[in-house]
Amino acid sequence: MELEFVKARRHLKAQRAQLTAACVADQAERRADQGLALLTRPGWVPDRPLPLDAVRMTLREARPQEQLIVRRKELLRYWPRDAGARHLESYSAAIEAFDRPGVWFNGPSYRLLEVTPPPADRLGDGIALAFTLGHYFDGLDTTEPLAYEEALRHLRGGAGAKPLSGPYRRAVGDPFALDRRSALPGVSALTIRVDGDDPYFFLHRREAGKVAVAMGTTHVAPAGEFQPHADVLPVRQSDLDLWRTTMREYAEEFLGAADATGSGGVTLDYAHDAPYARFEEALRTGEVRVRFLGLGLDPLTWKPEFCLVCVWDAAAFDEIFADMGDRNEEGVLVVGTRAGAGYRGIPFTEDNVLGYAAHEDTLPAGRACLTLAWRWRRELLGGAPL
């Protein structure tokens with residue numbers, strides 16, 4: 001059983017793109033926006049990019065029908081035994097025992113409970129989201145097993161295995177029923193650097209062995225879990241903010257910060273701590289424009305994904321990210337050619353943007369960011385000739 005678990009995890013790492021592609025093809029009716037690889041409902045993708053204050057978020061207690069219930073019956077069969085011959089209780093416990101990655105921490109996370117889009121005739125009016133607090137392993141134990149189950153069934157049945165028919169996926173049922181699992185959102189932000197009339201963008205290659213999920217894939221950058229940076233009451237409330245998560249991911253993925261969290265009881269001061277104070281200033285002065293592009297569910301894991309774009313003036317970007325490297329704790333940044341002392345990025349052209357958006361190795365949320373950014377390029381980039 002242990003060997004099968006490790007083999008299935010290895011298969012998931014190697015075949016995630018192919019498994020996802022099969023799930024995309026089998027769930028066309030669950031994509032309200034047929035141009036995207038994500039599963040969406042009407043109103044989940046606005047009719048234009050929205051400022052972040054149009055995304056209204058609230059944090060509340062889970063109602064009785066929303067309390068997390070791990071479906072042990074359908075999942076227990078998949079997990080091996082530990083060194084003491086005891087049957088492991090969860091996916092996270094099995095990873096801990098047999099395939100622990102470099103980045104591994106059961107931090108607090110926001111669990112998405114409700115999505116309330118605007119009326120169909122006012123899609124530009126914003127969207128309301130309700131959350132409760134959970135932990136990272138909750139998602140690993142109730143959402144990510146959908147991907148593991150698909151990989152295991154594909155490994156056992158080969159190319160003839162029918163997608164989306166595993167017992168756990170059948171038990172969860174409706175991907176949009178967020179109360180059936182711990183739906184912990186990811187935040188995916190496409191970074192565009194505008195140098196005069198020339199826009200460029202950056203991507204991230206996630207390396208197997210360094211991350212617990214989505215190994216060996218290409219993604220937009222920065223991207224990460226939607227989490228408070230510390231498990232204390234004031235931070236749980238104040239970090240319910242897409243820009244704060246994005247800032248911390250910039251610090252980690254672009255500037256090489258080992259751990260963009262408070263430690264030893266110390267919490268981050270976004271107004272004064274570096275580099276966050278400079279990020280905040282750039283947002284305030286318009287040196288970076290951040291827009292919400294939409295949300296959807298990953299077709300393989302049914303994990304919610306928020307799609308953003310951050311459009312940077314080159315001068316501010318080059319100053320803030322002067323010490324930017326092309327490697328970090330989770331993989332390698334695709335940075336294009338050098339621009340002076342820094343990196344220019346990949347030219348934001350139709351061939352490059354839509355090429356990566358169509359490639360199976362690019363994660364669905366990244367494909368959605370690229371597709372939507374190209375769709376709304378003139379609004380996002382103003383006078384840049386494209």
Side-chain angles (χ1 to χ4, degrees), residues 33 35-38 45-52 187-206 217-223 242-243 246-247 249-250 253-255 279 282-283 286-294 296 305-322 324-326 328 331-386:
D33 189 321
L36 304 183
L38 295 176
V45 177
D47 59 6
R48 59 182 174 82
L50 298 178
L52 292 186
V187 179
S188 300
L190 172 65
T191 296
I192 301 178
R193 173 184 171 273
V194 181
D195 190 354
D197 288 337
D198 299 318
Y200 302 85
F201 67 104
F202 296 85
L203 294 172
H204 189 213
R205 186 71 181 171
R206 295 168 58 85
T217 58
T218 301
H219 199 23
V220 296
L242 294 172
W243 176 235
T246 303
M247 285 193 290
E249 294 300 330
Y250 268 127
E253 294 180 11
F254 282 61
L255 294 176
F279 291 152
L283 184 68
E287 294 169 301
V288 61
R289 283 81 63 197
V290 184
R291 295 293 181 266
F292 175 80
L293 302 177
E305 298 285 355
F306 297 132
C307 298
L308 310 181
V309 62
C310 303
V311 182
W312 288 86
D313 293 341
F317 182 92
D318 295 346
E319 172 221 326
I320 293 172
F321 298 105
M324 173 179 166
D326 61 356
N328 54 50
V332 178
L333 284 172
V334 185
V335 294
T337 59
R338 296 191 73 86
Y343 294 103
R344 187 187 307 276
I346 307 163
F348 190 83
T349 64
E350 183 174 10
D351 284 349
N352 287 338
V353 175
L354 298 187
Y356 277 109
H359 203 285
E360 286 186 355
D361 281 349
T362 306
L363 286 174
R367 295 169 67 180
C369 287
L370 291 163
T371 299
L372 292 170
W374 187 257
R375 180 185 298 178
W376 292 321
R377 61 193 181 278
R378 301 203 181 278
E379 181 168 350
L380 293 169
L381 300 176
L386 293 168

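Count residues from 1 along the sequence. Note that the coordinates shown come from a computational prediction; the quantities given were computed from them, not determined experimentally.
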If you look at every heavy atom in [X] and [Y], which pair is closest and at what distance?
{"X": "Tyr200", "Y": "Gly345", "value": "CD2-O, 3.6 Å"}
{"X": "Leu38", "Y": "Ala368", "value": "CD1-CB, 3.7 Å"}
{"X": "Leu293", "Y": "Leu372", "value": "O-CD1, 3.6 Å"}
{"X": "Arg193", "Y": "Phe317", "value": "CD-CD2, 3.6 Å"}
{"X": "Ala282", "Y": "Ile320", "value": "CB-CD1, 4.2 Å"}
{"X": "His204", "Y": "Val220", "value": "CB-O, 4.3 Å"}

Roughly how far apart are [X] [atom1] and [Y] [atom2], rounded to 0.5 Å?
{"X": "Leu283", "Y": "Phe279", "atom1": "CG", "atom2": "CZ", "answer": "11.5 Å"}
{"X": "Trp312", "Y": "Asp195", "atom1": "CH2", "atom2": "CG", "answer": "15.0 Å"}
{"X": "Leu190", "Y": "Phe202", "atom1": "CG", "atom2": "CZ", "answer": "10.5 Å"}
{"X": "Thr371", "Y": "Leu354", "atom1": "OG1", "atom2": "CG", "answer": "6.5 Å"}
{"X": "Glu319", "Y": "Glu287", "atom1": "CD", "atom2": "CD", "answer": "7.0 Å"}
{"X": "His219", "Y": "Glu253", "atom1": "NE2", "atom2": "CD", "answer": "8.0 Å"}

Taking side chain as C-beta onward, heavy atoms only, is [X] less than 4.5 Å from [Y]?
{"X": "Thr246", "Y": "Tyr250", "value": "yes"}
{"X": "Leu308", "Y": "Leu52", "value": "yes"}
{"X": "Val311", "Y": "Arg291", "value": "no"}
{"X": "Arg289", "Y": "Asp313", "value": "yes"}
{"X": "Pro347", "Y": "Asp198", "value": "no"}
{"X": "Leu370", "Y": "Phe201", "value": "yes"}
{"X": "Met324", "Y": "Leu333", "value": "yes"}
{"X": "Val309", "Y": "Val290", "value": "no"}

Taking the side chain from [X] and the backbone from [Y], do they hold a donor-acceptor pair closer than 3.5 Å?
{"X": "Arg367", "Y": "Pro364", "value": "no"}
{"X": "Ser188", "Y": "Ala223", "value": "no"}
{"X": "Thr362", "Y": "Tyr356", "value": "yes"}

According to the interplanar angle, ranging from 0 to 90°, do the rings of Phe321 and Phe254 count as parallel (below 30°), tilted (30 to 60°) or perpendicular (above 60°)?
tilted

